[in-house]
Amino acid sequence: MEQQKKNFKLVANKKTRSILPNMFTLVGVCIGLTSIKFAFDGSFGFAVLAILVAGIIDGLDGRIARLIKGTSEVGKELDSLTDVISFGVAPAFIMYFWSLNNLGRVGWLVCLIYVICVALRLARFNVTSNTNAKWKDNFFEGVPSPAGGILVLFPLIYSFSEFQFFSIENEYLVPGFFILTSILLISKIPTYSFKKIVVPRRLTIFLLFTLILFFGLLLIYTYNVIVISTLLYLLLIPISFFHFRNLSKKFS
């Protein structure tokens, strides 16, 4: 009896362990598609929140898979397909219904360019992710698709925030964000991945406090926090570029 208890495992089969993260991924794509429905109905605030939730789920599914040792090739490909929908197609439709439809065919062309760049960025990631040096795992090549989805939504998010330092009525602002984000997606500019940051044990409590504070503020001042976070992320891009270059010289 004791031997049977020792051999007992809650989930022993790797294929079974991969079901949970894949379920998270599929829930994320459903939420991403639902954001399009919100945008079609004119509920752009809910559409933005849906993309935000999809982004949080996208950050969790991979970590859950690694935690329970349920990673799989199917999950990797499924995650990429989900990213194309949730952070490529969905934001493009949201912004088209909100603003770009006023530009007619040009607006639709801008949407197509952005979605294609998201697909190209994910295809490149799948090909090169296993061939990089160990230290390069701390960097992405170009802006990741979830960040790109938030960047193209920035004018819409800004319109909901309490920060009204400049007007967003300019007809070139939204297409400009689409083109800029498309370039950043397919560029080779190194950006921080934040996936494999090692936090010393003595700082764990401060990290937990910071995360709780961030999500608390996000619940109360949702759009304001997203605006500030987006601007901080943009400021981190040149910092990550110079950091990557210094590391390249060090390990070359």
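Numbering starts at 1 and runs along the sequence shown.
- Annotation for Val29 and Leu26: closest pair CG1-O, 3.0 Å, computed over non-hydrogen atoms.
- Checked against side chain to side chain contact (heavy atoms under 4.5 Å, CB included), Leu208 has the following partners two or more places apart in sequence or in another chain: Thr204.
- Rounding to the nearest 0.5 angstrom, the gap separating the CG atom in Leu112 from the CZ atom in Phe178 is 10.5 Å.
- Under the rule for a side chain to side chain contact (heavy atoms under 4.5 Å, CB included), the partners of Ala90 that lie at least two apart in sequence or sit in another chain are Ser35, Ile36, Ile51.
- The two residues Ser145 and Val118 make their nearest non-hydrogen contact at CB-CG1, 4.1 Å.
- In the hydrophobic cluster analysis, where Ile, Leu, Val, Met, Phe, Trp and Tyr join through side-chain heavy atoms closer than 4.5 angstrom, Phe215 is grouped together with Leu52.
- Heavy-atom neighbours of Phe24 CZ from other residues, nucleotides or ligands within 6.0 Å: at or below the threshold of 12.
- The minimum heavy-atom distance linking Thr191 with Pro144 is given by the pair OG1-CD, 3.8 Å.
- Residues Trp98 and Ser159 form a side-chain contact, since some pair of their non-hydrogen atoms from C-beta on lies under 4.5 Å apart.
- One hydrophobic cluster, built from ILVMFWY side chains closer than 4.5 Å, cannot hold both Ile183 and Leu234; they sit in different ones.
- No side-chain heavy atom of Leu232 sits less than 4.5 Å from a side-chain heavy atom of Leu236.
- Counting heavy-atom neighbours within 6.0 Å of Tyr233 OH, excluding the residue itself, gives a total above 12.
- Annotation: the span from Leu100 atom CG to Phe93 atom CZ amounts to 12.0 Å, rounded to 0.5 Å.
- Geometric assessment of Arg121 against the ring of Phe140 yields a positive cation-pi assignment under the 6.0 Å and 45° thresholds.
- Considering only heavy atoms from C-beta on, Asn138 stays 4.5 Å or farther from Phe244 through its side chain.
- In this structure Phe214 satisfies the ring pair (Phe, Tyr, Trp, His ring centres under 6.0 Å) test with no other residue, sequence neighbours excluded.
- The nearest pair of heavy atoms linking Gly88 to Val115 is O-CG2, 3.6 Å.
- Here salt bridge (charged side-chain N to carboxylate O under 4.0 Å, His left out) pairs that include residues 26-47, with residues two or more places apart or in two chains, are Lys37-Asp41.
- Side-chain contact between Asp58 and Ser86: absent, with no pair of heavy atoms (C-beta onward) separated by less than 4.5 Å.
- Aromatic ring pairs are classed by plane angle as parallel below 30°, tilted from 30° to 60° and perpendicular above 60°; the pair Phe139 and His243 is perpendicular.
- Rounding to the nearest 0.5 Å gives a distance of 12.0 Å between CG of Leu218 and CG of Leu211.
- The salt bridge (charged side-chain N to carboxylate O under 4.0 Å, His left out) analysis of residues 153-168, with sequence neighbours excluded, yields no pairs.
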query = How far apart are the C-alpha atoms of Ile113 and Cys117, what are their side-chain angles, what is the distance that settles it, and do they pass the side chain to side chain contact (heavy atoms under 4.5 Å, CB included) test?
reply = CA-CA 6 Å; Ile113 292 172; Cys117 288; 4.3 Å; yes
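- Here the CZ atom belonging to Phe242 is positioned 13.5 Å from the CG atom belonging to Leu247, to the nearest 0.5 angstrom.
- Side-chain rings of Phe40 and Phe97 approach one another, their centers coming within less than 6.0 Å.
- Gly149 and Val152 get closest at one heavy-atom pair: O-CG2, 3.3 Å.
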inquiry  = The test is side chain to side chain contact (heavy atoms under 4.5 Å, CB included); show your working for Thr230 and Tyr158 and say whether it passes.
reply    = CA-CA 10 Å; Thr230 303; Tyr158 178 82; over 6 Å; no
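- Residues Arg245 and Lys250 are not in side-chain contact: their nearest non-hydrogen atoms beyond the backbone lie 4.5 Å or more apart.
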message = Between Ile226 and Ile150, is the side chain to side chain contact (heavy atoms under 4.5 Å, CB included) condition met? List the steps.
response = CA-CA 9 Å; Ile226 299 175; Ile150 298 297; 4.1 Å; yes
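- Rounded to the nearest 0.5 Å, atoms CD1 (Ile85) and CD1 (Ile31) are 13.0 Å apart.
- Remark: the backbone N or O of Leu184 is paired with a side-chain donor or acceptor of Ser187 at under 3.5 angstrom.
- In the hydrophobic clustering of this structure, Leu219 does not group with Ile157; members are Ile, Leu, Val, Met, Phe, Trp, Tyr whose side-chain heavy atoms approach within less than 4.5 Å, directly or through other members.
- Cluster annotation: Val225 and Ile212 are assigned to distinct hydrophobic clusters (Ile/Leu/Val/Met/Phe/Trp/Tyr, side-chain heavy-atom contacts under 4.5 Å, transitive).
- In terms of the side chain to side chain donor-acceptor pair (under 3.5 Å) criterion, Tyr223 has no residue partners (sequence neighbours excluded).
- Taking a 6.0 Å sphere around CZ of Phe163, one finds it holds more than 12 heavy atoms contributed by other residues, nucleotides or ligands.
- Between Val174 and Ser99, the closest heavy-atom pair is CG2-OG, 3.8 Å.
- Looking at Phe160 and Phe44, their side chains come closer than 4.5 Å, going by heavy atoms from C-beta outward.
- Counting heavy atoms from C-beta outward, Tyr114 and Ser182 have side chains that approach closer than 4.5 Å.
- Looking only at side-chain heavy atoms (C-beta outward), Glu141 and Phe125 stay at 4.5 Å or farther from each other.
- One hydrophobic cluster, built from ILVMFWY side chains closer than 4.5 Å, cannot hold both Leu109 and Ile186; they sit in different ones.
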